[in-house]
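Heads up, the thing below is written out as structure tokens.
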There are 2 protein chains.
Amino acid sequence: MKIDDAAARLEALGNPTRLKIYRTLVRAGHAGLPVGRLQERLKIPASTLSHHIKSLLAVGLISQVREGTTLLCHAEFDTMRGLVDFLVAECCTEDAQCQGARTAA
Amino acid sequence: MKIDDAAARLEALGNPTRLKIYRTLVRAGHAGLPVGRLQERLKIPASTLSHHIKSLLAVGLISQVREGTTLLCHAEFDTMRGLVDFLVAECCTEDAQCQGARTAA
DNA sequence: ATACTATTTCTACAATATTCGAAATATGCG
DNA sequence: CGCATATTTCGAATATTGTAGAAATAGTAT
């Protein structure tokens, strides 16, 4: 993952409202959750919610599938995994006597 | 980790300049790196660098120790680990047939 | 004290983000 | 078609962030 992509994803997760949206979707797992259900649970005005969802979509952290009249949102677990890998990668590569921080991976 | 703390840390890492600073420190490992060395490597004006370092300090992602006339910066690996754990935690807790995304942890 | 290096604080400005109501669009149904 | 529901786009106000030059502070040595 390029550093600018990683930064964009981290920034997307760095807003409390968006992080709550994302976490709710992560908890929902592969089943996903419609936008409307997210709105009920999080009590966010529809336009605000839509705006944040768009940000998460733009960086590939979530995806959407239309299911009739509703839009199902899913967390993109591969993207999350890639981001986590990026964070723990290259740990201590310049530190000869580094022993264990890399176990975070 | 509370969600607002996680968001604050993710936001701190969500700026490309700050992420570069952080990664450089992660690579430097436990040995750390003085502010001045960071400035040389990243070619960032001192005031801008100082500003970003303060952000990373504020959320506990890095720490500083004075070493004579220079300030040594270190990545706080425990904080990073906590953040990574937060990201992969509670994956699919509402999805009965979730099978593997949690292996990201 | 003076000088020198390292780093931060001050200050200001442009750019971007967040929020949300109102209006617009999309889908499905009778 | 016409209506109901789901969701997005528009528009605009307000707040926050990123950037960096100039000035200030901190530490060390002479």
Side-chain angles (χ1 to χ4, degrees), chain A residues 3-25 28 31-76, chain B residues 3-25 28 31-76:
Chain A
I3 196 160
D4 283 344
D5 292 333
R9 285 167 185 155
L10 291 163
E11 183 186 41
L13 295 175
N15 173 276
T17 303
R18 269 194 309 268
L19 186 54
K20 276 165 203 149
I21 294 167
Y22 180 72
R23 285 217 108 199
T24 304
L25 291 176
L33 219 55
V35 176
R37 198 63 56 81
L38 276 170
Q39 199 197 333
E40 284 171 19
R41 290 206 193 177
L42 301 174
K43 317 285 189 197
I44 305 171
S47 62
T48 303
L49 179 58
S50 182
H51 171 77
H52 285 308
I53 285 176
K54 201 159 61 170
S55 301
L56 291 168
L57 281 169
V59 298
L61 278 166
I62 69 173
S63 61
Q64 276 184 330
V65 171
R66 185 168 279 282
E67 194 107 330
T69 169
T70 73
L71 274 170
L72 253 184
C73 303
H74 307 85
E76 281 291 315
Chain B
I3 197 160
D4 283 345
D5 291 333
R9 284 166 184 155
L10 290 164
E11 184 186 40
L13 295 176
N15 172 275
T17 305
R18 268 193 311 268
L19 186 54
K20 276 165 202 148
I21 294 167
Y22 180 72
R23 285 218 108 198
T24 304
L25 290 176
L33 218 56
V35 176
R37 198 63 55 82
L38 277 170
Q39 199 197 333
E40 284 170 20
R41 291 207 193 177
L42 302 174
K43 319 283 191 198
I44 306 171
S47 63
T48 302
L49 178 59
S50 182
H51 171 76
H52 286 308
I53 285 176
K54 200 159 62 168
S55 302
L56 291 167
L57 281 169
V59 299
L61 278 166
I62 68 173
S63 62
Q64 276 183 331
V65 170
R66 184 169 279 281
E67 196 107 331
T69 169
T70 75
L71 273 171
L72 252 185
C73 303
H74 306 85
E76 281 291 316

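Labels below follow one simple rule: chain letters A, B, ... track the order of the sequence lines, proteins then strands, and each chain is numbered from 1. Because the structure is a prediction, the values reported are computed rather than measured.
- Paired with A:H74 under the rule side-chain contact (heavy atoms from CB on, under 4.5 Å), one option of A:L33, A:V65, A:L25, A:I62 passes, and it is A:V65.
- Protein atom CG of B:L42 is 13 Å distant from nucleotide atom P of C:dT7, rounded to whole Å.
- Between A:K54 and the phosphate of D:dT9, there is a side-chain N or O to OP1/OP2 separation shorter than 4.0 Å.
- Taking atom CZ on A:R37 and atom C1' on D:dT5, their separation rounds to 14 Å, with Å as the unit.
- Contact detail for A:L72 and A:G32: the closest heavy-atom pair is CD2-C, 3.8 Å.
- At whole-Å resolution of the value, CG in B:L49 and P in C:dT8 are 7 Å apart.
- For D:dT5, the OP1/OP2 oxygens have no side-chain nitrogen or oxygen of A:Q39 closer than 4.0 Å.
- Rounded to an integer number of Å, the gap from CD1 of A:I21 to P of D:dT7 is 13 Å.
- If you take CG of B:L71 and P of C:dT9, they are 10 Å apart, rounded to a whole angstrom.
- Rounding to the nearest 0.5 Å places CD1 of B:I3 at 4.0 Å from CG of A:L19.
- When side chains are defined from C-beta on, A:L71 does not count as touching A:I53, because their heavy atoms never get closer than 4.5 Å.
- Contact detail for B:C73 and B:Q64: the closest heavy-atom pair is SG-NE2, 3.6 Å.
- The distance between atom CD of B:Q64 and atom P of C:dA6, rounded to the nearest whole Å, is 15 Å.
- Protein atom CD1 of A:I53 is 17 Å distant from nucleotide atom C1' of C:dA17, rounded to whole Å.
- Using a 4.0 Å heavy-atom criterion, one finds that A:S50 contacts the bases of the nucleic acid, with or without backbone contacts as well.
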Exercise for review: Could you walk me through whether B:E11 and B:V59 pass side chain to side chain contact (heavy atoms under 4.5 Å, CB included), step by step?
Suggested key: CA-CA 10 Å; B:E11 184 186 40; B:V59 299; over 6 Å; no

Review point. If the sugar-phosphate is the primed atoms plus P, OP1 and OP2 and the base is the rest, what is the B/S/- string for nucleotides 17-30 of chain D, using protein heavy atoms under 4.0 Å?
Key: SSBBBB----SS--

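- Between the CZ atom of B:R9 and the CG atom of B:L56 there is a distance of 11.5 Å, given to the nearest 0.5 Å.
- Atom CG of A:L72 is separated from atom P of D:dT8 by 12 Å (rounded to the nearest Å).
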